[in-house]
Amino acid sequence: MVILDGKKVSNEILENLKKDFASLNKKVSLAVIWVGNDEASSIYIKSKLKKCEELGIEGKLYHLDENTKEEEVLALIDKLNHDDYIKGILLQSPLPKEIDEIKCFNFINPQKDVDGFSNVSVGNLALGRPTLISCTPKGIIRLLKYYNIPLEGKSVCLINRSNIVGKPLFNLLISENATVTMCHSKTQNLEFFTRNADIVISAVGKPNFIKGDMLKEGSIVIDVGISRVNGKVVGDVDYESVSPKALYLTPVPGGVGPMTVAMLLENLYEASKNQDKF
Ligand code: GUN
């Protein structure tokens, strides 16, 4: 079994990006908007801002309290849309439930939409047009390509249907000519689909959810889950039973997570270049 080392691959990508950003010869800022105090968000945001610093980019955190009104979030996005130094705007999800998240994402100028969550980015991706692409799905495809794992004609069982992971990943996989089955919490007989898949991608958020007996011999397993067990970060995969069955496996931590951050910075670089054209 081969570990798909997202940490190593992402470090290579980030080293190259550092040079790319330096060659732009201009100030690049990423605005991160965080509303409330979600614990997981605080971890993600910290790691995103740390990487910005390492790459010589300004990461500007706008931390708003949990009672912030939707209009205030929209007003901040509007201000950032018009700030020429801000090349990317990231609105951390989840937002407090009183705020219409999709409306806010869609208020971000698509040119600065480094998460690929605006209607324009989502639409372009669905149409197979060039666009800024949601970071976790983009990172998964990049990791598979780095290890020369073919997707064409392969059957992929994707367990997630969210706007952030499942839906964009579905579109990317079919663009790569994979045959994709999208499973979710209401899927009956999930094992039927996982056992028939060449590649299983699990983003469920339940520790030990994927067991070896759910997989066919020699399958490729991408673990997108993040849970905390006794203070330790774990994925969806039961390592004991899966590692003898799988040909390739992503670890948690050190698999998909670091790839997501690398893709965010790649999107920021693309966004910066595109905005410089005008
Ligand atoms: N919440 C969990 N993952 C993400 C992500 O990739 N981007 C944003 N904005 N929020 C998230």
Side-chain angles (χ1 to χ4, degrees), residues 6 10 13-14 29-52 59-64 66 68 70 73-74 76-77 80-81 86-97 99-110 112-122 125 131-143 160-172 201-205 222-228 233 235-236 250 252-253 255-271:
S10 68
I13 294 169
L14 289 166
S29 296
L30 171 70
V32 176
I33 307 173
W34 179 23
V35 188
N37 289 298
D38 180 66
E39 195 201 330
S41 292
S42 101
I43 299 167
Y44 295 142
I45 288 168
K46 248 187 226 145
S47 84
K48 289 168 187 174
L49 293 174
K50 187 164 160 260
K51 282 290 170 257
C52 282
K60 273 183 144 174
L61 176 62
Y62 296 82
H63 191 182
L64 310 177
E66 61 194 327
T68 302
E70 185 178 288
V73 178
L74 294 174
L76 174 58
I77 293 172
L80 298 168
N81 278 340
I86 302 286
K87 304 296 188 196
I89 303 172
L90 185 154
L91 175 61
Q92 187 66 30
S93 173
L95 291 170
K97 56 182 182 315
I99 297 179
D100 182 342
E101 192 166 274
I102 291 178
K103 183 175 172 185
C104 292
F105 285 142
N106 203 35
F107 210 63
I108 296 171
N109 175 350
K112 300 189 178 188
D113 176 26
V114 286
D115 259 324
F117 291 169
S118 68
N119 292 8
V120 168
S121 307
V122 171
L125 179 63
T131 192
L132 291 166
I133 297 170
S134 183
C135 305
T136 300
K138 188 181 181 189
I140 291 169
I141 301 290
R142 185 66 64 80
L143 190 59
N160 185 284
R161 58 174 161 178
S162 70
N163 292 336
I164 291 183
V165 177
K167 289 177 195 167
L169 188 49
F170 180 91
N171 281 316
L172 287 175
I201 305 177
S202 179
V204 174
I222 307 297
D223 191 348
V224 196
I226 292 195
S227 312
R228 214 169 257 280
V233 175
D236 289 348
T250 61
V252 176
V256 173
M259 292 301 295
T260 297
V261 183
M263 292 301 103
L264 170 69
L265 286 148
E266 188 176 273
N267 282 351
L268 181 64
Y269 176 67
E270 272 177 36

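Computation of the quantities below employed the complete heavy-atom set of this structure, encompassing side-chain atoms and omitting hydrogens, waters and symmetry-equivalent molecules. Just so you know, ligand 1 is whichever comes first in the structure, and atom 1 is the first atom listed for that ligand.
- Close approach to F117 involves these atoms of ligand 1, each under 4.0 Å from a residue heavy atom: 7 (N), 8 (C), 9 (N).
- Screening D236, V165, I201 against N160 for a side chain to side chain contact (heavy atoms under 4.5 Å, CB included) leaves a single residue, V165.
- For the atom pair OG of S10 and CG of L264, the computed distance is 12.5 Å after rounding to the nearest 0.5 Å.
- In this structure, the protein non-hydrogen atom closest to atom 10 (N) of ligand 1 is S93 N, 3.0 Å.
- The nearest protein atom to atom 4 (C) of ligand 1, hydrogens excluded, is given as Q92 NE2, 4.1 Å; this is a heavy-atom distance.
- Under 4.0 Å from ligand 1, not a single heavy atom of T136 appears.
- Atom numbering of ligand 1 starts at 1 in the shown order; those under 4.0 Å from a heavy atom of L91 are 8 (C), 9 (N).
- For the atom pair I77 CD1 and N106 CG, the distance stands at 10.0 Å (nearest 0.5 Å).
- Heavy-atom minimum distance, A262 versus L14: CA-CD2, 4.0 Å.
- The nearest heavy-atom contact from the protein to atom 8 (C) of ligand 1 is D115 OD2, 3.4 Å.
- Atom CD1 of I43 has more than 12 heavy atoms from other residues, nucleotides or ligands within 6.0 Å.
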